[in-house]
Amino acid sequence: MSDGLESNNTASDEIVRNRYLDILHQFTLRQSSLIKLEDIVWNIAKTAIAELGFEDCVVYLLEDDGITLRQAAAHGPKNPVDREIYNQITIPVGKGIVGHVARTGEMQRIDDARLDPRYIEDDDFRLSELAVPISHQGRIIGVLDSEHHAANFFSSEDVRLFTTIASLASTRIETALAMERLEKTIHHLEQARSDLECQAEELREARQAAEAASVAKTHFLANMSHEIRTPMTAIVGFADLLSREDLDRQHQAQWRNQLNQNARYLQDLIGNVLDMSAVEVGEVSLNFEPVSLLETVAEAVDTLRARADTKKLRLETAAEGLLPDAIITDRVRFKEIIVNLVSNAVKYTEQGGVTVTLSTERRGTDVLLSLVVSDTGIGIDPVQLNNLFKPFNRVHDTHQMAGIEGTGLGLALSREIAKALNGDITVSSLRGTGSSFTLMLPAEVPPDTVWEAQPAVNPFLVRSPPIQSDVIVDRAQDLCDLRLLVCEDSVSITSLLEVVLEAAGAQVTFCANGSAGVRCFDEQVEEGRPPDLILMDMQMPIMDGYEATRYVKRLRQDIPVVALTAFALADDIDRCLAAGCDYYLTKPLQIHTFTQELRSILERFGA
Ligand code: ADP
């Protein structure tokens with residue numbers, strides 16, 4: 001009987017052992033294909049432990065801090081669904097039975113938890129507990145823990161089984177942990193690299209912006225130098241002429257007019273620069289009032305009539321449809337925008353003309369005003385259209401810009417003002433054909449406004465009389481009978497030089513650009529009466545002074561070329577000399593010593 005019983009027990013032990021071995025075998029096989037930590041620990045809990053038939057199991061892993069154990073996977077009541085852990089807790093190393101195993105590395109089998117004060121009740125109170133360490137190369141990395149309601153539940157066989165599972169899984173867990181740490185490190189490194197790239201990009205952008213600002217500032221300073229020195233030459237020169245005795249009334253009036261015009265130009269320029277800085281810090285003060293529409297537009301356009309006239313350009317104004325006699329806006333600012341747009345149209349047009357067309361769209365008690373300034377000028381490259389409104393930006397190359405004065409502020413300022421008046425400026429242009437700038441301005445109209453059809457805004461004409469060259473002001477005759485060729489595009493400076501040089505006895509031929517200058521030079525050389533000296537403005541349209549000087553010097557080294565430059569920076573002077581100029585005089589010219597200076601240059605040159 002007992003034999004039969006024993007052999008029965010042995011047989012059933014054998015079955016259990018075989019089942020355990022089979023489960024361990026399956027477990028080892030499945031584990032070998034798992035890589036991710038999560039898959040590995042859940043495989044321990046859900047497959048191995050669950051299939052062994054234990055009612056509860058938790059896999060604890062040691063956190064990176066080395067002092068906390070977290071519940072990483074579970075089987076039984078702690079795992080109601082999927083891979084979720086119910087009421088997930090952490091246990092400090094050293095606390096409770098699990099904490100004890102983690103600290104000592106010793107397996108713990110508790111047969112009656114009521115007798116063990118270390119027992120921590122988690123989801124339920126159970127009498128038996130088995131906790132084995134998961135260690136790798138002598139270092140504890142986690143604890144495999146199982147509990148059972150019955151006392152004395154876990155057998156020596158179970159201990160061996162748990163220990164085997166823990167030891168089989170430990171290398172895989174450690175590898176997965178190392179992989180996770182590596183991935184985290186890679187992620188941090190990638191994050192750091194992308195942060196560094198962002199910072200590098202920001203630095204690049206900041207450097208580009210700083211470089212662009214520096215280039216814009218240098219351009220601005222060079223332009224301002226030119227812009228200020230050119231009218232200053234005229235102001236100082238005409239003031240000088242006016243201080244002389246024996247002047248007749250006609251010349252007094254003409255020169256005073258020239259002086260006033262240049263002084264006003266300077267005043268406008270300085271006003272523009274100050275306005276721009278006010279706009280940039282958001283300090284444009286506006287004064288909204290009823291403004292007579294046609295009158296204001298006519299006034300603005302007429303300030304440019306003299307300039308258009310000098311360039312033999314048409315300057316036409318037209319009105320379309322019904323227009324209100326007044327709108328509510330800031331009169332000064334409104335006029336300033338129109339002056340800037342028309343001034344540009346005249347500046348950047350050599351042939352044809354400029355048309356200013358006014359039309360409005362009635363919107364209840366308000367009006368949307370549209371003022372289009374179109375010209376037949378040099379036009380603008382489409383890729384540059386976006387840059388037009390950036391401060392200090394002159395979008396044409398220096399060759400096209402030669403002789404065209406400007407600071408690159410007008411459009412930026414105009415658009416800012418238009419926006420402050422709730423409007424905007426848009427542009428369309430065709431290179432070589434012309435440009436069209438449109439000011440769109442919404443405005444209220446005063447209550448008693450009269451709407452009328454207007455065929456055109458009446459222009460009025462201002463023409464300054466030409467200065468006669470037969471007036472002798474300077475009787476020193478420093479340049480008696482010398483032939484001078486003067487290439488200069490500024491009308492004011494030409495007038496001034498004409499008076500001064502001819503008064504000094506010179507025979508002067510004036511050319512308004514380098515191309516006309518070299519043509520004239522060729523003719524004079526061919527006719528056997530080459531100039532004794534050439535005065536060369538460096539910034540001129542069509543062909544600048546540098547190119548014209550190079551041309552002259554290729555043919556005749558013996559004729560002195562004196563640069564007249566309004567750019568007084570060291571680089572500009574070097575450029576003049578490199579082009580072949582023999583001397584340079586910077587504007588404003590000292591009119592009272594000017595002819596003597598030319599005389600001494602000629603003497604030094606051996607003339
Ligand atoms: P600037 O003082 O140089 O005239 P603006 O701000 O008024 O400065 O204009 C910026 C640039 O836009 C000019 O330098 C010029 O290149 C271009 N531009 C402005 N108006 C015109 C126009 N009507 N035709 C062609 N180019 C123009």
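When a residue number appears, it is its place in the shown sequence, counting from 1. Small disclaimer: the values here were computed from a predicted structure and weren't measured. Both counts, for ligands and for their atoms, begin at 1 and track the order of listing.
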Where on [X] is there a heavy atom closer than 4.0 Å to ligand 1, on the side chain, on the backbone, on both, or on neither?
X    : answer
L411 : both
F437 : side chain
D375 : side chain

List ligand 1 atoms under 4.0 Å from [X], heavy atoms only on the residue side.
X    : result
K347 : 1 (P), 2 (O), 4 (O)
A345 : 23 (N)
N344 : 4 (O), 5 (P), 7 (O), 9 (O), 19 (C), 20 (N), 23 (N)
I380 : 25 (C), 26 (N), 27 (C)

Can you check whether G410 has an N/O within less than 3.5 Å of an N/O in ligand 1? yes
Ligand 1 N/O within reach of L388 N/O, cut-off under 3.5 Å: no
Going through the distances and angles, do Q384 and N387 end up as a side chain to side chain donor-acceptor pair (under 3.5 Å)? CA-CA 5 Å; Q384 292 286 10; N387 294 327; 2.9 Å; yes
Do C511 and V486 pass the side chain to side chain contact (heavy atoms under 4.5 Å, CB included) test, and can you show the C-alpha distance, the side-chain angles, and the key distance before you say yes or no? CA-CA 6 Å; C511 298; V486 179; over 6 Å; no
Between [X] and [Y], do the side chains contain an N or O donor and an N or O acceptor separated by less than 3.5 Å?
X    : Y    : result
Q258 : S492 : yes
Q524 : T509 : yes
Y584 : D574 : no

Parallel, tilted or perpendicular, judged at 30° and 60°: which one describes the rings of W255 and F238?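 W255 and F238: tilted rings.
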Taking distance alone, no hydrogens or angles, what donor-acceptor pairs closer than 3.5 Å link side-chain atoms of residues 202-209 to residues at least two apart or in another chain?
unit_1	atom_1	unit_2	atom_2	d
R204	NE	E201	OE1	3.3
R204	NH2	E201	OE1	2.7

